[in-house]
Amino acid sequence: MKKFDVIVIGELNVDLILNNIAEFPRMNTEILARDMQLLMGSSSAIFASNLSILGARVAFLGKIGNDDFGSLVTDTLEQSGVSTEFIIRSSEYKTGATIVLNYGEDRAMLTHPGAMEQLIFDDITTEIIQHCRHIHISSVFLQTGILNRIPEILRQAKELDISTSLDPQWDPSEKWDLNLKELLPLIDVFLPNTQEFLALTGQKDVHNALDSVKDYAHTIAVKMGNKGSIGCINGQILKKKPFLNDSVVDTIGAGDSFNAGFIYNFLQKKDLDECLELGNLTGAINTTSAGGTTSFENIEKVKETAMEQFDYRME
Ligand SMILES: Nc1ncnc2c1ncn2[C@@H]1O[C@H](COP(=O)(O)OP(=O)(O)OP(=O)(O)O)[C@@H](O)[C@H]1O
Ligand SMILES: [Mg+2]
């Protein structure tokens, strides 16, 4: 019996979110923001937290600084039941941080990547990963310390009979330099959103994109925002309608919550249809309150939202 169901290999950071800004900031002036929140950021951490709340045993493997922001990140993960025993605290680097300036409908973000770029291949040891059934890697383009060695990490997992999933997330450089032909045979569940999948495959629509990789991919689930999701296994395509939410608060973290629902059912050996369904549900639940984790404080709240907002009884 493994100690964990899932180890998440990912980036960690905090978000300092400034709201109610009087006017957009200009150099050499000072203005006031009337509201402020300091929260754990990172899409990998949202995934880990929400998967843990759904009931999986989850640990995180990432790098933070030896500082207060690092403690905020580990405290928040632990509150959701995520083990932080494999998180490496470095005195050399600072915990990554993003300052988010919300101004009306617009936002400006400024990120110091710090320790999140410093996780390296040698940090991901067999000694650690042997403790899990499944490895999930996210935000690969933000993790420049391991980006070129992801095939090796996945191969190492496969040798230990560990299943794998990967969400590429957006590439800020927009170079989309991932060798899908090498990677996809090593990934049991590939979880891009539409734009990412099209950029990575160089195709113009999702069906062509799925067709272009079907000879060497296992399961693919493409997230399509308020259009739901589309899955593909052994070349068979399955489109799944969303749980419509007509009063979306925000969609921050919807993709990570989709991943949590999908992988939760995948680990229970459910079929593609049921994985897509729970993914769509948890993605939709995510949009009913602010940020990526507010709707996932505990499993009772998740089930209540499923019932009240989407008329869906969760097991
Ligand atoms: N407005 C909405 N109504 C209902 N469901 C939604 C809505 N927006 C998103 N979802 C659900 O959440 C899933 C993931 O959302 P989305 O496609 O935005 O992921 P993403 O682009 O990867 O997001 P992220 O920014 O978190 O990485 C969708 O596939 C859908 O099932
Ligand atoms: Mg995403």
Side-chain angles (χ1 to χ4, degrees), residues 8 10-11 13 15 17 39-51 54 98 100 102 107 109 111 136-143 165-172 174 176 178 187 189-200 205-206 209-210 219-232 237-266 272-296 302 305-306 308-312 314:
V8 180
E11 84 294 1
N13 71 298
D15 286 340
I17 306 163
L39 299 169
M40 175 179 77
S42 144
S43 108
S44 305
I46 294 170
F47 167 77
S49 295
N50 295 353
L51 180 60
L54 290 176
T98 297
V100 184
N102 278 327
R107 75 170 44 160
M109 296 197 271
T111 295
H136 178 83
I137 308 179
S138 186
S139 308
V140 295
F141 298 107
L142 297 180
Q143 301 194 74
S165 52
L166 186 141
D167 182 337
Q169 299 283 19
W170 192 253
D171 177 6
E174 297 192 34
W176 301 103
L178 272 194
I187 299 173
V189 186
F190 185 53
L191 296 153
N193 71 16
T194 308
Q195 295 84 343
E196 293 154 4
F197 193 42
L198 297 184
L200 282 165
D205 79 77
V206 175
L210 287 169
T219 298
I220 300 183
V222 184
K223 290 162 277 182
M224 305 193 299
N226 63 9
K227 295 192 181 63
S229 55
I230 192 165
C232 186
I237 290 177
L238 185 62
K239 196 165 183 302
K240 202 77 185 157
K241 285 201 188 104
F243 289 85
L244 266 187
N245 177 12
D246 34 44
S247 50
V248 171
V249 177
D250 70 48
T251 60
I252 297 168
D256 311 309
S257 295
F258 173 96
N259 293 350
F262 190 103
I263 294 300
Y264 184 77
N265 264 358
F266 177 81
L272 179 61
D273 186 71
E274 291 169 291
C275 294
L276 291 169
E277 179 163 281
L278 190 59
N280 279 351
L281 179 71
T282 47
I285 288 174
N286 182 111
T287 66
T288 61
S289 55
T293 54
T294 318
S295 303
F296 292 82
V302 175
T305 311
E308 283 173 9
Q309 306 241 11
F310 303 108
D311 201 17
Y312 188 95
M314 286 175 74

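Order of appearance sets the numbers: ligands from 1, and atoms from 1 within every ligand. Just so it is clear, the structure is predicted and the values come from calculations on it, not from any experiment.
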task = Identify the protein heavy atom lying closest to atom 21 (O) of ligand 1, giving its residue, its atom name and the separation to 0.1 Å.
result = Asn193 ND2, 2.8 Å
message = Need the ligand 1 atom indices (1-based, order shown) with element for anything under 4.0 Å from a heavy-atom of Met224.
response = 17 (O), 29 (O)
ask   = What protein heavy atom sits nearest atom 12 (O) of ligand 1, and how far away is it?
value = Gly283 CA, 3.4 Å
message = Checking a contact table here: which protein heavy atom is nearest atom 1 (N) of ligand 1, and how many Å away?
response = Val248 CG2, 3.4 Å
inquiry  = Looking only at protein heavy atoms, which one is nearest to atom 3 (N) of ligand 1, and what is the separation?
reply    = Asn245 N, 3.8 Å
task = Specify the closest pair of heavy atoms between Ile137 and Gln143, including all atoms of both residues, with the distance to one decimal.
result = CG2-NE2, 4.3 Å
Candidate list Val222, Thr219, Leu210, Val206, test side-chain contact (heavy atoms from CB on, under 4.5 Å), partner Cys232, passing option = Leu210
inquiry  = A side-chain contact here means heavy atoms from C-beta on lying under 4.5 Å apart; do Phe262 and Leu272 qualify?
reply    = yes
ask   = Closest non-hydrogen protein atom to atom 19 (O) of ligand 1, residue and atom name please, with distance?
value = Gly255 CA, 3.3 Å
task = Decide whether Ser295 and Ser289 meet the rule of one side-chain donor and one side-chain acceptor closer than 3.5 Å.
result = yes
ask   = N/O to N/O below 3.5 Å, does that happen between Gly228 and ligand 1?
value = yes
request  = Answer whether the closest heavy-atom distance between the side chains of Thr305 and Met314 falls below 4.5 Å.
outcome  = no
query = If you measure every N/O of Ile252 against every N/O of ligand 1, is any gap under 3.5 Å?
reply = no
ask   = For Asn280 and ligand 1, does the shortest N/O to N/O distance drop below 3.5 Å?
value = yes
inquiry  = Tell me whether Asp205 at atom CG has more than 12 heavy atoms from other residues, nucleotides or ligands lying less than 6.0 Å away.
reply    = yes
ask   = Which of the atoms of ligand 1 are close to Gly253, meaning less than 4.0 Å from one of its heavy atoms?
value = 26 (O)
message = Starting from atom 15 (O) of ligand 1, what is the nearest protein heavy atom, named by residue and atom, and what distance separates them?
response = Ala254 CB, 3.6 Å
key: Candidate pair Thr288 and Gln309, rule side-chain hydrogen bond (donor to acceptor under 3.5 Å, both in side chains), full reasoning   = CA-CA 9 Å; Thr288 61; Gln309 306 241 11; 4.8 Å; no
inquiry  = Could you tell me, atom by atom, which parts of ligand 1 come under 4.0 Å of a heavy atom of Ala284?
reply    = 4 (C), 5 (N), 11 (C)
inquiry  = Students should be able to answer this: which protein heavy-atom is nearest to atom 28 (C) of ligand 1, and at what distance?
reply    = Gly225 O, 3.4 Å
message = In the complex you have, is atom 25 (O) of ligand 1 within reach of the protein, judged by whether a heavy-atom distance drops under 4.0 Å?
response = no
task = Determine the minimum heavy-atom distance between Ala260 and Leu51, stating which atoms define it.
result = O-CD1, 3.4 Å
task = Determine, step by step, whether Phe296 and Asn286 satisfy the side-chain contact (heavy atoms from CB on, under 4.5 Å) criterion, reporting the C-alpha distance in whole Å, the side-chain angles of both residues, the deciding distance to 0.1 Å, and the verdict.
result = CA-CA 8 Å; Phe296 292 82; Asn286 182 111; 4.1 Å; yes
ask   = Is there side-chain contact between Asp167 and Phe47, with at least one heavy-atom pair below 4.5 Å?
value = no
query = Do you know which two heavy atoms are closest between Ser139 and Ser43, and how far apart they sit?
reply = OG-OG, 3.4 Å
ask   = Under a heavy-atom criterion of less than 4.0 Å, does Gln169 contact ligand 1?
value = yes
ask   = At what distance is the nearest protein heavy atom to atom 4 (C) of ligand 1, and which residue and atom is it?
value = Phe243 O, 3.0 Å
request  = Would you check if the Mg ion (ligand 2) lies under 2.8 Å from any N, O or S atom of Gln169?
outcome  = yes
